[in-house]
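Quick caveat, the model's predicted, so the values are computed rather than measured. Each ligand, and each atom within it, is numbered from 1 in the order the structure gives.
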Amino acid sequence: MSTKIWLSSPHMGQGELGFVKDVFDSNWIAPLGPHVDGFEQDLSDFTGSKHVAVLSSGTAALHLALILAGVDKGDEVICQSMTFSASANPIAYLGGVPVFVDSEADTWNMDPALLEKAIKDRLAAGKKPKAIIPVHLYGMPAKMKEILAIAQEYDIPVIEDAAEALGSTYDGKACGTFGKYGILSFNGNKIITTSGGGALISDDEAAVQKTRFLATQARDPAPHYQHSHIGYNYRMSNVCAAIGRGQMQVLNDRVAQRRANFNFYVEELAGLPGLTFVKELPGSFSNRWLTTVLIDPEKSGGVTRESVRLTLEKDNIESRPLWKPMHQQPVFEQAPAYLNGVSEKLFADGLCLPSGSNLQQEQLILIAEKIKACWK
Ligand SMILES: *Cc1c(COP(=O)(O)O)cnc(C)c1O
């Protein structure tokens with residue numbers, strides 16, 4: 001069988017090994033060191049966020065952002081339903097209750113009208129949500145202008161899950177920099193990777209300082225170990241940060257390549273009956289982390305996302321259904337949810353195609369041929 005074509009695999013550049021060698025030469029093999037500081041500066045320069053704390057994962061970043069937002073046992077947090085479980089799990093770590101909000105059809109992200117309905121409803125029931133977590137799914141910017149206006153009106157902080165959207169912009173500004181806090185991920189499948197890692201970004205210096213404090217066991221300033229707060233071991237290692245510094249040198253190339261993949265698929269597949277792509281709205285720029293398609297079986301002559309997925313799998317090509325909405329997950333069955341049917345339809349009809357920046361042209365051609373054959 002041919003070598004496996006992955007959905008999204010790590011893609012190292014020329015510089016990473018040099019940075020890692022420097023780590024070994026200098027013996028900064030610890031969750032602190034010059035590359036931790038350097039990677040934070042690189043991310044601040046790239047996103048325009050004033051302050052950045054690099055951490056062990058995007059999930060850890062969300063956990064700490066929720067702590068900064070004051071989420072405690074029994075508190076409600078509004079979260080986009082159409083997302084990966086890591087957007088919602090940290091709410092449960094704190095004993096909080098996720099309140100899920102469905103998506104709108106044009107960006108697949110949090111529906112602003114439904115968000116407002118959910119807030120009004122929770123307020124009427126006597127509970128003010130402690131935070132709002134919108135997500136930029138697959139790199140596509142959410143409608144941040146509308147979401148921020150509602151968040152401001154009700155005075156609720158926004159924690160922007162930009163784990164999939166490094167390199168995406170909305171009105172010319174980096175995704176992740178709109179909310180009070182933004183979070184990024186450098187997991188192995190993301191647009192750049194440190195093997196595993198994440199970041200919390202914010203213009204609020206005190207908040208980012210507190211993030212670093214909480215992420216390093218919450219040590220009070222004293223010569224002995226003194227703690228007046230529960231701490232976490234969430235800081236990024238200098239080894240991982242060194243990889244990150246190398247990856248930052250190629251981030252713009254990675255975005256360009258992922259967008260080129262998307263354009264290739266559009267050229268090849270756009271004419272297939274029932275197959276559609278999600279479009280950028282005016283003012284939105286997507287990193288196209290993953291190219292996704294919807295296949296409507298009523299218009300495709302019976303082709304489904306699952307029949308395409310199984311066809312690709314036979315040829316050792318990985319594809320995957322879109323995220324299964326959180327309100328449909330057994331673990332979140334009890335959580336309140338404000339629904340409009342969009343995310344359930346996206347899950348039923350949507351497929352993520354191989355989208356790595358290291359895909360070869362002949363691999364892309366092969367994938368497109370296999371997909372087109374499903375319609376024959
Ligand atoms: C990857 C991802 C996360 C979590 O990031 P990790 O670094 O893997 O912990 C959070 N939210 C979304 C939407 C993601 O895709």
Worksheet item: Are the side chains of S85 and M326 in touch, meaning some heavy atoms are under 4.5 Å apart?
Response: yes

Worksheet item: Applying the side-chain hydrogen bond (donor to acceptor under 3.5 Å, both in side chains) test to Y154, which of E116, K128, R122 qualifies?
Response: E116

Discussion item. Working note: E40 + R212, criterion salt bridge (charged side-chain N to carboxylate O under 4.0 Å, His left out); need CA distance, chi angles, decisive distance, verdict.
Written reply: CA-CA 12 Å; E40 288 180 346; R212 295 196 188 104; 3.2 Å; yes

Discussion item. Just to be sure I understand the cut-off, which residues have at least one non-hydrogen atom under 4.0 angstrom from an atom of ligand 1?
Written reply: S57, G58, T59, T83, F84, A86, S87, V135, D161, A163, E164, S185, N187, K190, G197

Fill in: Within-4.5 Å side-chain heavy-atom neighbours: F39 and F186
yes

Fill in: F277 and its ring pair (Phe, Tyr, Trp, His ring centres under 6.0 Å) partner, picked from Y265, F262, Y138, F264
F262

Worksheet item: Partners of D204 by salt bridge (charged side-chain N to carboxylate O under 4.0 Å, His left out), sequence neighbours excluded?
Response: K180

